[in-house]
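One structure is given below, encoded as structure tokens.
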Amino acid sequence: MLLYLMRHGEASHSSPDQPSSLTPKGQSDVARMVEHLIRKKHIKLDTIWHSPKIRAIQTAEIVWKALENPALPLEKRSDLSPDGDLGQVHKEILGHAGGNLLIVSH
């Protein structure tokens, strides 16, 4: 298994009333990174896990769309939130038997 870790793209500042989402620059940066990984590194993923925060969801969706594989699982994981249980994430990574994994978090 290969494990890829990706931080979400640049996000707007959040307020209690509005969660932060990717800025246009953040969207562009993520798209460029994914294109690099596809062309230069020939990345092959079997699963994408992401935080439930909108900025991580948007980042994971950009990756998912660029890979053009509708069967690729895209899984929201509450334990990947900024205050999530990293011990649990670690256990699940060690037990992951589903091939190459990308984690999009903070």
Side-chain angles (χ1 to χ4, degrees):
M1 170 182 76
L2 294 175
L3 174 63
Y4 299 90
L5 302 176
M6 180 181 273
R7 184 181 186 275
H8 62 77
E10 179 184 84
S12 61
H13 296 289
S14 62
S15 69
D17 299 333
Q18 183 178 14
S20 63
S21 58
L22 294 182
T23 64
K25 180 184 182 319
Q27 293 172 7
S28 175
D29 289 348
V30 171
R32 281 197 331 269
M33 173 63 82
V34 173
E35 288 304 315
H36 171 77
L37 291 173
I38 291 170
R39 278 192 238 138
K40 302 289 185 182
K41 304 296 182 186
H42 307 289
I43 187 173
K44 302 283 190 240
L45 295 176
D46 298 293
T47 307
I48 299 173
W49 292 353
H50 62 80
S51 159
K53 299 291 187 180
I54 190 69
R55 56 196 180 266
I57 294 169
Q58 291 171 326
T59 299
E61 287 176 344
I62 291 169
V63 174
W64 184 80
K65 287 176 186 171
L67 292 172
E68 298 179 341
N69 179 0
L72 179 65
L74 190 61
E75 299 177 22
K76 185 186 327 181
R77 306 286 306 249
S78 61
D79 49 1
L80 291 172
S81 66
D83 57 353
D85 182 354
L86 292 180
Q88 182 62 30
V89 173
H90 181 247
K91 286 179 191 174
E92 296 210 22
I93 290 169
L94 292 176
H96 182 71
N100 298 339
L101 172 64
L102 168 69
I103 295 178
V104 180
S105 193
H106 307 276

**Request:** Using distance alone, with no hydrogens and no angle criterion, decide if R55 and T59 have a side-chain donor and acceptor under 3.5 Å apart.
**Result:** no

**Message:** According to salt bridge (charged side-chain N to carboxylate O under 4.0 Å, His left out), does anything in residues 57-76 pair up with another residue at least two apart or in another chain? List the pairs.
**Reply:** none

**Complete:** d(S21 OG, E10 CD) to nearest 0.5 Å is 11.0 Å

**Asked** Are the side chain of D46 and the backbone N or O of N100 linked by a donor-acceptor pair below 3.5 Å?
**Response** yes

**Item:** Qualifying residues under ring pair (Phe, Tyr, Trp, His ring centres under 6.0 Å), relative to H96, sequence neighbours excluded
**Value:** W49

**Request:** Run the numbers on I103 and R77 for side chain to side chain contact (heavy atoms under 4.5 Å, CB included), then give the verdict.
**Result:** CA-CA 10 Å; I103 295 178; R77 306 286 306 249; over 6 Å; no

**Message:** Taking side chain to side chain contact (heavy atoms under 4.5 Å, CB included) as the definition, give me every residue that meets it alongside S81, ordered by chain and number, with sequence neighbours left out.
**Reply:** S51, P52, D83

**Asked** With sequence neighbours excluded, what pairs up with H8 under the ring pair (Phe, Tyr, Trp, His ring centres under 6.0 Å) test?
**Response** H106

**Complete:** Grouping ILVMFWY residues whenever side-chain heavy atoms fall under 4.5 Å, the cluster of I43 otherwise contains L2, Y4, M6, L22, V30, M33, V34, L37, I38, L45, I48, I62, V63, W64, L67, L72, L74, L102, V104

**Request:** Kindly work out whether a path of hydrophobic side-chain contacts (I/L/V/M/F/W/Y, heavy atoms less than 4.5 Å apart) joins L94 to L5.
**Result:** no

**Prompt:** To which residues is I54 joined in a hydrophobic cluster, defined by side-chain heavy-atom contacts under 4.5 Å among Ile, Leu, Val, Met, Phe, Trp and Tyr, whether direct or through other members?
**Reply:** none

**Item:** Q88: which of H90, K91, E92 passes side chain to side chain donor-acceptor pair (under 3.5 Å)
**Value:** E92

